[in-house]
Amino acid sequence: MNMKRKSVLGIGNALVDALIRLDDDEILAEFGLPKGSMTLVDRKTVNNILKKVQSLNLNMQKSSGGSVANAIHGLAKLGAPAGYIGKIANDEYGSFFRSYMEQHNICASLFFGSVDTGKCISLISKDSERTFATYLGAAIELDAIDLTPEPFQGYHYLLLEG
């Protein structure tokens with residue numbers, strides 16, 4: 001059976017996911033993060049969490065993130081032609097996001113925002129409970145004026161983030 005794969009383009013919040021396994025839950029209390037929750041945080045808080053993680057010498061694994069980016073990544077892994085539109089910053093995390101998409105054969109149309117690249121810190125407790133601190137950053141600056149017809153050409157389906 002010869003089936004042509006359908007291509008999917010996603011538009012979403014371009015975030016870098018940072019997964020961190022905790023030795024204990026003290027960091028959650030320190031930053032007022034209810035265990036098992038997803039809390040939107042500001043730039044200062046996300047940077048303070050990252051500094052704390054670094055000072056504790058905790059291992060951090062990074063990947064591209066945001067729900068649509070995760071879905072597009074999964075489709076690309078399955079062999080579907082995939083593209084992505086989002087907004088990052090011209091910073092270390094933005095470069096990481098772009099590179100991650102390229103390494104996974106995702107055609108990314110990424111625009112630069114005026115603030116830092118968004119980050120989702122996933123703090124994983126000993127009992128495997130995940131607590132998220134999410135800074136949306138440049139992702140929320142994606143605007144209709146950024147979108148032109150070119151990035152949409154050649155795709156069969158469009159996946160949007162809520």
Side-chain angles (χ1 to χ4, degrees), residues 8-80 82-143 146 159-162:
V8 181
L9 175 67
I11 301 177
N13 291 327
L15 307 176
V16 173
D17 285 346
L19 283 72
I20 301 155
R21 294 204 174 274
L22 300 176
D23 295 328
D24 55 52
D25 292 341
E26 288 180 26
I27 195 170
L28 303 180
E30 181 177 339
F31 289 98
L33 302 170
K35 188 173 180 177
S37 69
M38 191 292 285
T39 304
L40 290 176
V41 297
D42 61 14
R43 179 179 183 257
K44 180 180 176 183
T45 303
V46 80
N47 287 334
N48 285 339
I49 293 169
L50 290 171
K51 284 178 191 171
K52 180 69 173 189
V53 165
Q54 187 176 23
S55 74
L56 295 172
N57 291 318
L58 297 174
N59 185 36
M60 180 171 63
Q61 294 176 292
K62 293 190 292 187
S63 65
S64 67
S67 61
V68 168
N70 290 340
I72 292 298
H73 181 255
L75 289 166
K77 288 287 256 187
L78 293 171
Y84 183 82
I85 297 173
K87 197 164 238 186
I88 58 174
N90 188 14
D91 60 14
E92 173 190 349
Y93 282 85
S95 295
F96 175 86
F97 188 93
R98 178 183 300 280
S99 175
Y100 193 92
M101 297 301 252
E102 290 170 358
Q103 289 169 13
H104 293 89
N105 299 314
I106 299 166
C107 180
S109 296
L110 299 170
F111 302 94
F112 290 123
S114 64
V115 296
D116 298 356
T117 298
K119 301 162 191 70
C120 181
I121 311 294
S122 178
L123 301 163
I124 306 165
S125 299
K126 285 281 194 188
D127 62 1
S128 297
E129 184 72 53
R130 297 175 303 158
T131 303
F132 298 96
T134 305
Y135 166 67
L136 295 172
I140 61 172
E141 294 182 343
L142 185 65
D143 193 78
D146 296 321
L159 177 62
L160 297 172
E161 193 151 349

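Values in this document were obtained by computation on a predicted structure and should not be read as measured data.
- Across all non-hydrogen atoms, the minimal contact from Tyr135 to Asp42 is CD1-C, 3.6 Å.
- Taken from CG in Leu159 to CD1 in Ile85, the straight-line distance is 11.5 Å, to the nearest 0.5 Å.
- In this structure, the side chains of Leu28 and Leu22 come closer than 4.5 Å at one or more pairs of heavy atoms.
- How far CZ of Arg43 is from CG of Asn48: 10.5 Å, rounded to the nearest 0.5 Å.
- The CG atom of Leu50 sits 6.0 Å away from the CD1 atom of Ile20 when rounded to the nearest 0.5 Å.
- Heavy atoms only, all atoms of each residue included: Asp146 and Phe111 are closest at O-CZ, 3.1 Å.
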Query raised in the report: side-chain contact (heavy atoms from CB on, under 4.5 Å) between Asn13 and Cys120: does it pass, once the steps are laid out?
Result: CA-CA 11 Å; Asn13 291 327; Cys120 181; over 6 Å; no
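- Ile88 approaches Gly94 most closely through the heavy-atom pair CD1-O, 3.4 Å.
- Residues Pro34 and Gly32 approach most closely at CD-O, 3.3 Å, considering heavy atoms.
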Kindly list each side-chain donor-acceptor pair under 3.5 angstrom involving residues 54-80, sequence neighbours excluded, with atom names and distances?
{"residue": "Ser55", "atom": "OG", "partner": "Lys52", "partner atom": "O", "Å": "2.8"}
{"residue": "Ser67", "atom": "OG", "partner": "Glu161", "partner atom": "OE2", "Å": "3.2"}
{"residue": "Asn70", "atom": "ND2", "partner": "Gly66", "partner atom": "O", "Å": "3.4"}

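- Under a cut-off of 6.0 angstrom, the local environment of CD in Glu129 is crowded, with over 12 non-hydrogen atoms contributed by other residues, nucleotides or ligands.
- Side-chain atoms of Val53 and Ile121, non-hydrogen and from C-beta on, never get closer than 4.5 Å to each other.
- Note that CZ of Phe31 and CG of Leu123 are 9.0 Å apart. Values are rounded to the nearest 0.5 Å.
- Contact detail for Thr131 and Gly36: the closest heavy-atom pair is OG1-N, 2.9 Å.
- Smallest separation of non-hydrogen atoms from Ala139 and Leu15: CB-CD2, 4.2 Å.
- In this structure, the separation between CG on Asp91 and CG on Asp116 is 5.5 Å, given to the nearest 0.5 Å.
- Separation of the Tyr84 and Phe97 ring centroids falls under the 6.0 Å cut-off.
- Put simply, the side chain of Lys87 never gets that close to the backbone of Gly113: no donor and acceptor are under 3.5 Å apart.
- With rounding to the nearest 0.5 Å, the separation of CZ in Phe132 from CG in Leu40 is 12.5 Å.
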